[in-house]
**Student:** 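Attaching a single structure in structure tokens format; questions to follow.
Chain letters run A, B, ... following the sequence lines, proteins first, then strands; residues in each count from 1. Computation of the quantities below employed the complete heavy-atom set of this structure, encompassing side-chain atoms and omitting hydrogens, waters and symmetry-equivalent molecules.
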Amino acid sequence: MILQSSIHWTRFPARAHNGMHMPELPEVETVANGVHARIAGERIVSAWFSEKKEPMKSPPALMVQTLEGARVKQVRRVGKHIVFDLDRPAKNEITAVQWIVHLGMSGRLLVNAPDVELAPHTHAVLRLDSGREVRFVDPRRFGRLSIERSATGFTGPGSEPLTITFADFADLFRKRNTPIKAALLDQSSLHGVGNIYADEALFRAGIRPRRKAGSLTQVELQRLHKSLQKVLKEAIKLGGSSVSDYVDADGAAGFFQLKHRVYQRTGEPCLVCNTPIRRIALAGRSTHYCSKCQN
DNA sequence: AGGTTGACCTGGACGC
DNA sequence: TGCGTCCAGGTCAACC
């Protein structure tokens with residue numbers, strides 16, 4: 001629908017939104033793919049970790065011991081985690097060995113030439129045999145770094161939103177008494193969905209964030225399943241267009257917000273019905289919705 | 001047991 | 001300029 005009079009609307013003080021990091025599923029996938037394209041097949045010559053304890057979920061000594069000498073087979077996304085599948089020199093082990101990176105709220109994973117100055121809040125540096133370095137930078141230190149060793153490999157806390165069947169998706173919400181938005185954010189059922197895409201998927205499905213998950217009808221669940229997968233895939237596709245320099249230059253700034261229909265649009269007119277978008281607090285997060293389009 | 005709330009951190013925007 | 005307040009893409013432990 002074309003909004004003929006859009007230029008007449010008062011622009012709310014559009015909080016200049018530093019859209020530099022967006023570590024939800026589409027962003028994490030973009031980063032993982034970008035790092036994979038740059039370093040797959042390379043060997044890690046040495047590893048260094050900062051003294052800050054917060055981002056270290058495994059002991060730094062264990063991470064150094066595991067990473068040094070290992071070859072990076074693959075870098076991929078699982079939920080909101082970035083998984084480095086490692087090949088180790090003397091592998092007489094049956095278990096998979098992986099380095100797991102979670103970006104938290106402000107984490108960044110960079111591939112830099114060694115002469116590029118270390119950014120403030122750098123907490124990990126892996127030097128590769130090409131001479132380049134993988135660097136983990138995280139001002140807020142909500143990110144997490146760990147080693148995973150298990151027979152099955154890291155599978156994440158929940159189900160993958162992109163591939164889950166409708167039947168399994170519906171089962172996640174059937175008996176739950178929590179608001180649907182809180183249920184979408186619960187990583188142990190569905191992993192990868194964060195605050196932006198929860199709001200955006202609920203808007204596209206026409207469902208209010210505060211509705212009890214268990215109260216959704218079959219039709220509403222179908223709309224939600226479809227909307228969620230669609231919005232995540234669309235975001236990945238858009239992120240993908242800036243993959244070429246994202247890890248070097250955080251070039252994704254301001255990109256996804258072009259597609260936001262409710263997230264951080266408080267007070268601005270709904271793109272469908274012109275009703276001002278509302279903002280409420282739910283599950284400790286700011287939540288945005290249209291009171292007319294979502295029921 | 002499932003659901004809810006605050007704590008964990010830094011830094012940028014904004015108001016006075 | 002400076003200082004206080006609010007806010008941020010995420011989890012968890014500790015409650016009820």
**Student:** Which nucleotide, if any, forms a Watson-Crick or G-U wobble pair with B:dA1, using both distances under 3.5 Å?
**Tutor:** none
**Student:** Taking B:dC9 as the reference, what is the distance to C:dA14 when you measure between their P atoms (whole Å, please)?
**Tutor:** 15 Å
**Student:** Rounding to a whole Å, what distance do you find between A:Asn195:CG and C:dT11:P?
**Tutor:** 11 Å
**Student:** Taking atom P of B:dA7 as reference, at what distance in whole Å does atom CZ of A:Arg285 sit?
**Tutor:**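 Rounded to whole Å, this separation is 16 Å.
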**Student:** Tell me what A:Asp138 touches on the nucleic acid: a base, only sugar-phosphate, or nothing, going by heavy atoms under 4.0 Å.
**Tutor:** nothing
**Student:** On a plain distance test, is the side chain of A:Arg141 in donor-acceptor contact with the base of B:dC9 below 3.5 Å?
**Tutor:**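 Under the 3.5 Å cut-off, the side chain and the base do not form any donor-acceptor pair.
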**Student:** I need the A:Arg43 CZ to A:Asp129 CG distance, nearest 0.5 Å.
**Tutor:** 7.0 Å
**Student:** Find the distance A:Leu103:CG to B:dC9:C1' and express it as a whole number of Å.
**Tutor:**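 Taking CG of A:Leu103 and C1' of B:dC9, I get 16 Å after rounding.
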**Student:** Calculate, to the nearest 0.5 Å, the distance between atoms NE2 and CZ belonging to A:His121 and A:Arg141 respectively.
**Tutor:** 8.0 Å
**Student:** Once rounded to the nearest 0.5 Å, what's the spacing between atom NE2 of A:His36 and atom CD of A:Gln74?
**Tutor:** 5.5 Å
**Student:** What integer distance in Å separates A:His121:NE2 from B:dG12:C1'?
**Tutor:**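 Rounded to the whole Å, the gap is 12 Å.
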**Student:** Looking at A:His102, does any N or O in its side chain come under 4.0 Å of the phosphate oxygens OP1/OP2 on C:dT11?
**Tutor:**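 True: A:His102 side-chain N/O within range (under 4.0 Å) of C:dT11 OP1/OP2.
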**Student:** Under a 3.5 Å cut-off for both contacts, is B:dC9 paired Watson-Crick or G-U wobble with anything, and if yes, with which nucleotide?
**Tutor:** none
**Student:** If the P atom of B:dG6 is compared with that of C:dC6, how far apart are they to the nearest Å?
**Tutor:** 14 Å
**Student:** Assign A:Pro179 to base, sugar-phosphate, or nothing according to its heavy-atom contacts below 4.0 angstrom with the strands shown.
**Tutor:** sugar-phosphate
**Student:** Please state how far atom NZ in A:Lys57 lies from atom C1' in C:dA13, giving the value in whole angstrom units.
**Tutor:**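 Computing the A:Lys57:NZ to C:dA13:C1' distance gives 14 Å.
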**Student:** Would you say a side-chain N or O of A:Ser106 is under 4.0 Å from OP1 or OP2 of B:dG11?
**Tutor:**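 Checking B:dG11 against A:Ser106, no side-chain N or O comes under 4.0 Å of OP1 or OP2.
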**Student:** Using the side-chain heavy atoms of A:Thr178, tell me which of these nucleotides is nearest: B:dG3, B:dC9, C:dG10.
**Tutor:**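 Nearest listed nucleotide: B:dG3.
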**Student:** C:dA8, OP1 or OP2 - any side-chain N/O from A:Arg140 closer than 4.0 Å?
**Tutor:** no
**Student:** Is the shortest side-chain N/O distance from A:Ser188 to OP1 or OP2 of B:dG2 below 4.0 Å?
**Tutor:**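 Indeed not, no polar side-chain atom of A:Ser188 lies that close.
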**Student:** If you compare every side-chain N and O of A:Gln187 against the phosphate oxygens of C:dT11 (OP1, OP2), does one of them come in below 4.0 Å?
**Tutor:** yes
**Student:** Could you tell me whether A:Glu133 and A:Arg135 make a salt bridge, using a distance below 4.0 angstrom between a side-chain N and a carboxylate O?
**Tutor:**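 A salt bridge links A:Glu133 with A:Arg135.
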**Student:** Using side-chain hydrogen bond (donor to acceptor under 3.5 Å, both in side chains) as the criterion, point out the one residue from A:Lys181, A:Glu24, A:Glu200 that pairs with A:Asn195.
**Tutor:** A:Lys181
**Student:** For A:Tyr197 and C:dG9, is the shortest distance between a side-chain N/O and OP1 or OP2 below 4.0 Å?
**Tutor:**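 Checking A:Tyr197 against C:dG9: no side-chain N or O falls below 4.0 Å of OP1 or OP2.
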**Student:** Quick one: A:Leu282 CG to B:dG6 C1', roughly how many Å, whole number?
**Tutor:** 16 Å
**Student:** At less than 4.0 Å, is any side-chain N or O atom of A:His191 found next to OP1 or OP2 of C:dG10? Yes or no.
**Tutor:** no
**Student:** Establish, with yes or no, whether the OP1 or OP2 oxygen of C:dA8 is under 4.0 angstrom from a side-chain nitrogen or oxygen of A:Arg279.
**Tutor:** yes
**Student:** Applying a 4.0 Å non-hydrogen cut-off, can you work out what A:Gly104 is touching in the nucleic acid: base, sugar-phosphate, or nothing?
**Tutor:** sugar-phosphate
**Student:** How close do A:Val45 and A:Leu128 get, heavy atom to heavy atom, and via which atoms?
**Tutor:** CG2-C, 3.7 Å
**Student:** Rounded to whole angstrom units, what separation is found between the CD atom of A:Glu24 and the C1' atom of C:dG10?
**Tutor:** 9 Å
**Student:** Hey, is A:Phe142 doing a stacking thing with C:dT11, by the 5.5 Å centroid and 30° angle criteria?
**Tutor:** no
**Student:** Suppose we call two aromatic rings close when their centres sit under 6.0 Å apart. Are A:His81 and A:Phe154 close by that rule?
**Tutor:** yes
**Student:** Between A:Lys80 and C:dT11, does any side-chain N or O lie under 4.0 Å from OP1 or OP2?
**Tutor:** yes
**Student:** Rounded to whole angstroms, how far apart are NZ on A:Lys175 and C1' on B:dA1?
**Tutor:**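 Going from A:Lys175 (NZ) to B:dA1 (C1'), I get 12 Å.
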